[in-house]
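Taking it in order: structure first as structure tokens, then the write-up.
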Amino acid sequence: MADSKTAETAKTPNSSHQTPKRKVDTHTNLAGIALRNPVLTASGTFGYGTEFKDFMDLRCIGGFVAKSLTLLPRVGNPPPRIAEVRAGMLNAISLENVGVEAFIEEKLPEIPEGVPVIASLFGTEMGEYAEVAKRLVGVAKVAGIEVNASCPHVKSGGIEFGQDPRILAELVRSVRRATDAPLLIKLSPNVTSIAEMAAVCEAEGADGISLINAVQAMDVDVRTRKPVLKNILGGFSGPAILPIALRMVWQASRAVKIPICGIGGITEPDDAVKFLLCGATAVQVGTVNYSNPMAALEIAEGIETYARREGFATTAELTGALQIS
Ligand SMILES: Cc1cc2nc3c(=O)[nH]c(=O)nc-3n(C[C@H](O)[C@H](O)[C@H](O)COP(=O)(O)O)c2cc1C
């Protein structure tokens, strides 16, 4: 808990009669990745970072997770592949990305120095994940790797890598062998026991866990009597999934010692604070970037304000500070 003696006493020229603002240390260590504050943006909702350069100084957020990469460029699913639903959004963008080479050669040079970039990767086969990870070894500006385990494993008939503990274990093992970079595994929420999946990642050498990815869902247009997405099924994200994500972060945090990055429905600072209290070390904001491109910045500032108001000297002290009476 914060020590009131750490309060900053310096006064600004016009504030001699105001209560000085106590400084809160927001520095965060997420699985060996040094972040300025605990707020990142989530994969697939922030492009390759370059798209948001005009909205904010990227150095003011903790960092960003780029759109998931495969070895070769891929086109995604045919439209309609995005739909607005009550309290959230459905997407079936699928595999669309520029490929790892274009990411390294064209996208990364556009990112200012000092911005922690987490490269997200995926594949339809086990070997593809490891190949992409190898390609990213030693690449400047890549502060860490996030493995998107929500991709269908073709050999197992389309079950997500993150839905079967044995497949997940093999995936983590193979990427771990391919890279020494800080390694986060992003879990699928479409499982019976998130605690079991988190434990598998820890046992296989992951440095941290990100959760949750979008929840499998669908919606129907009663006028046309067709699914709203061409792909029929899609990932459900946005405010409605926050309580599900919180529950999963809480359960995972009790199952493992490695740090957790909480994701799901974060729209305002208090949402992010809830994830930290439930055991997350950092958070990622996703769908809200579509309606408010400045959201990550505002949420980072809001967490700091909360910590100051509640008497915490560092935002790191919020992690796991849930009071259970
Ligand atoms: C349009 C869209 C594309 C996404 N693409 C990816 C992706 O490429 N890789 C990934 O790991 N997650 C992807 N996600 C999932 C998000 O990163 C995040 O886990 C999820 O949306 C839940 O967070 P939110 O409710 O804050 O959006 C995508 C989400 C959306 C809405």
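Counting starts at 1 for both ligands and their atoms, following the listed order. Computed over heavy atoms, backbone and side chain alike; hydrogens, waters and symmetry mates excluded.
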Check: Of all residues at least two apart in sequence or in a different chain, which pass the side chain to side chain donor-acceptor pair (under 3.5 Å) check with Asp25?
Finding: His27
Notebook entry, point to check: Does ligand 1 have an atom that lies less than 4.0 angstrom from a heavy atom of Phe122?
Noted result: no
Check: Atom CG of Leu58 and atom OG1 of Thr50: how far apart are they, to the nearest 0.5 Å?
Finding: 9.0 Å
Notebook entry, point to check: If you measure from each non-hydrogen atom of Asn97 to ligand 1, which part falls under 4.0 Å: side chain, backbone, both or neither?
Noted result: neither
Notebook entry, point to check: What residue and heavy atom of the protein are closest to atom 30 (C) of ligand 1, and at what distance?
Noted result: Asn91 ND2, 3.3 Å
Notebook entry, point to check: Does a donor on one side chain sit under 3.5 Å from an acceptor on the other, for Gln284 and Glu146?
Noted result: yes
Item checked: For atom 24 (P) of ligand 1, closest protein heavy-atom neighbour -> Gly265 N, 3.5 Å
Item checked: Nearest protein heavy atom with distance in Å, relative to atom 23 (O) of ligand 1 -> Ile263 CG2, 3.4 Å
Note to self: Can you confirm, on distance only, whether ligand 1 has an N/O atom lying under 3.5 Å from any N/O atom belonging to Tyr290?
What the structure shows: no
Item checked: Ser120 N/O under 3.5 Å from ligand 1 N/O -> no
Check: Which residue owns the protein heavy atom closest to atom 21 (O) of ligand 1, what's the atom, and how far is it?
Finding: Ser237 CB, 3.2 Å
Next item on the list: Look at atom 11 (O) of ligand 1 and say which protein heavy atom is nearest, naming residue and atom and giving the distance to 0.1 Å.
Entry: Lys186 NZ, 3.1 Å
Notebook entry, point to check: Where is the nearest protein heavy atom to atom 15 (C) of ligand 1: which residue, which atom, and how far?
Noted result: Asn213 OD1, 3.3 Å
Notebook entry, point to check: Which residue supplies the protein heavy atom nearest to atom 9 (N) of ligand 1, what is that atom called, and how far is it?
Noted result: Ser68 OG, 2.7 Å
Next item on the list: Apply side chain to side chain donor-acceptor pair (under 3.5 Å) to Thr315 and list each qualifying residue two or more places apart in sequence or on a separate chain.
Entry: none
Check: So between Gly44, Gly286, Ser43, whose heavy atom ends up nearest atom 16 (C) of ligand 1?
Finding: Ser43
